[in-house]
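These notes are about the structure you will find just below.
Indexing begins at 1, ligand by ligand and atom by atom, following the structure's order.
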Amino acid sequence: MGITSEKMTESSGPIEAIAQALSCAIAAALGEQYRDTDLQIRPSQNPKFGDYQANFAMKLAKQLGSNPRELASKVADAAAEELAAIAEPLEVAGPGFINIRLKNQAIAHMLSSMDNQELGVTQQDDPHTIVIDLCAVNIAKQMHVGHLRSTIIGDALARILERIGRTVLRENHLGDWGLPIAMVLHELLEAKTNLDTLKLAELDSAYRKAQQKAKDDDAFLEAAKTTLVKLQNSDPQLIEDWHKLINCTLTALYESLEILNVKLTKENNRGESFYRDKLPGVIEAFTNAKLAKEDDGAMVVPFDTRERPLLIQKSDGGYLYATTDLAAIRLRTGQSNANRIIYVVDARQRDHFRDVFDAAKLIGWDKTPDGECAELRHIPFGSVLGPDKRPLKTRSGENVTLKSLLDEACERGESEVKKRASDPKAPTHGLSEAELKDIGTAVGIGAIKYADLSNDLVRDYVFDMNRMVRFEGNTGPYLQYAHARICSIFTKAGIDAGVLSSEQFAIGEPAERRLALTLLKYPDIIADVAKTLEPHRLCTYLYELADAYSSFYEHCPVLKAETDSIKRSRLKLCHLTRNVLSDGLDLLGIKAPTRM
Ligand code: ARG
């Protein structure tokens, strides 16, 4: 992927330094109007071609009708002086690539600039907020693996955007209002269930009974509709019962979120019910703006580009899922000042979001109070499949509940960790039962989160616990293990990394160079993920980093280095790697134990 000039202003480090020099050189050699050329600077795939390549010459030469190699040489010559301090003489290769190889000293210098708490990550200074719509379970139903994905992905995106300095509002758009809720409430009340002791399983079965009855029995459906009207009119007793129902689901939800290490609490609840008194205003606004029209007694918003309109009010006066989403956008941009609203929702809701976003744009609710156009973005994700490549089900054919899945993950993680701890040489040997359990939970949860985040999100993936908890290959536990191994070097040597802060990095060996260059990529990776909202890019990077580290460790003795200053530099490299790994894992919502 090309690095655009816009991105470069967001990041610092080698790419920015090279870009600045090349932009000036282009302006000097070809004219000021070409200063902002997209330079297409990227890390080289092969050290043979230097550390970075700038690939702009082909496109620019075409535009100017000149020879790309000659153009590249001209720019390289013009940049030579400015880059001399950080790079070896530039090379022009192939049809007009410019290959750049950094000087070891420059690498060492750049490493020390990122060796601080921010790890070189550029902070955005934007007064707008970002809303992330995540989790959004439906009350009265067991949470299933689909909600797990929304929660894991949404939490990771929130952490990444917070990491670049943005204010993120996590909003849990709970399905807590409307006919399905009234139906289950009616069913529970009819069966005289004690709502004070209600359990999730009971609620789930009442939900299914109510769904069935509504199909078979008109009288039941009518009665449920009456219950809905009473609920909508805030009947005090019914509202109290409704709260009990919600609490039952939420208590279970918060237990799961705690195990999952997800930052989402009661404060983040913005369920459908929250918008209930704002729905008439939506219809009114669309009607006044002449953007909605009547269709067979219902209200719809027609679109120029397609035939099917968006239904926003039913002929019986009832509102829809989309009406609530419009009310939510209006508030998120207007009141919460969000210039980015990110919906982490199942790919099957694609059309819904396309319609809702288009309707919001028609009426101008995508604008923040200062007139900025907010980015409305649906992050669609695929399904979690069982070993038979069909949506994950239990043996008896039911949906797999979130709870059972998490229990299994924790058990598997714990058993992996205990197995290792039984070896007297293991750093975990002799730890207490409780400590091993904590590490096991971190490993099991890390395993499922990483498996969820490390693929392109829209792809369906097979839930294979055996593969996920492996300590080898592209898995969460592998990265956690890489981190823990670095920690144990310091423990073994009895060195506190703090004492290294005044020491210098010295880069010499190829494996050291590779590790250092990989570390230097981190700020750009974070900026890139914050923009594309594709967490798998961070996973791929961390895996690459762990790999670069392990070849460094294999080729470059640390505690037995030739000289004391090499030893200290290598310890610093270990320490920086450790910090980047734990920061990156934290952004994915994965804990990094110091012993494994
Ligand atoms: N509760 C919905 C479901 O489970 C998801 C809601 C997603 N968020 C939204 N703003 N529509 O399908």
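- With sequence neighbours left out, the ring-ring contact (aromatic ring centres under 6.0 Å, His included) criterion links Phe471 to Tyr481.
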Considering only distance and modelled atom types, tabulate donor-acceptor pairs under 3.5 Å from the side chains of residues 296-312, sequence neighbours left out.
from: Arg306; atom 1: NE; to: Asp355; atom 2: OD1; distance (Å): 3.2
from: Arg306; atom 1: NH1; to: Asp358; atom 2: OD2; distance (Å): 3.1
from: Arg306; atom 1: NH2; to: Asp355; atom 2: OD1; distance (Å): 2.9
from: Arg306; atom 1: NH2; to: Asp358; atom 2: OD2; distance (Å): 2.8

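- Listed by chain and residue number, the protein contacts of ligand 1 are Asp133, Ala136, Asn138, His147, His173, Tyr321, Asp325, Tyr343, Val345, Gln349, Phe353 (heavy atom within 4.0 angstrom).
- Between Trp177 and Trp242, the ring-plane angle classifies as perpendicular under the 30° and 60° cut-offs.
- For the atom pair CG of Asn288 and CD1 of Ile283, the computed distance is 11.5 Å after rounding to the nearest 0.5 Å.
- Listed by chain and number, the residues in a ring-ring contact (aromatic ring centres under 6.0 Å, His included) with Tyr275 are His173 (sequence neighbours excluded).
- For the residue pair Tyr254 and Glu258, no side-chain donor N or O sits within less than 3.5 Å of a side-chain acceptor on the partner.
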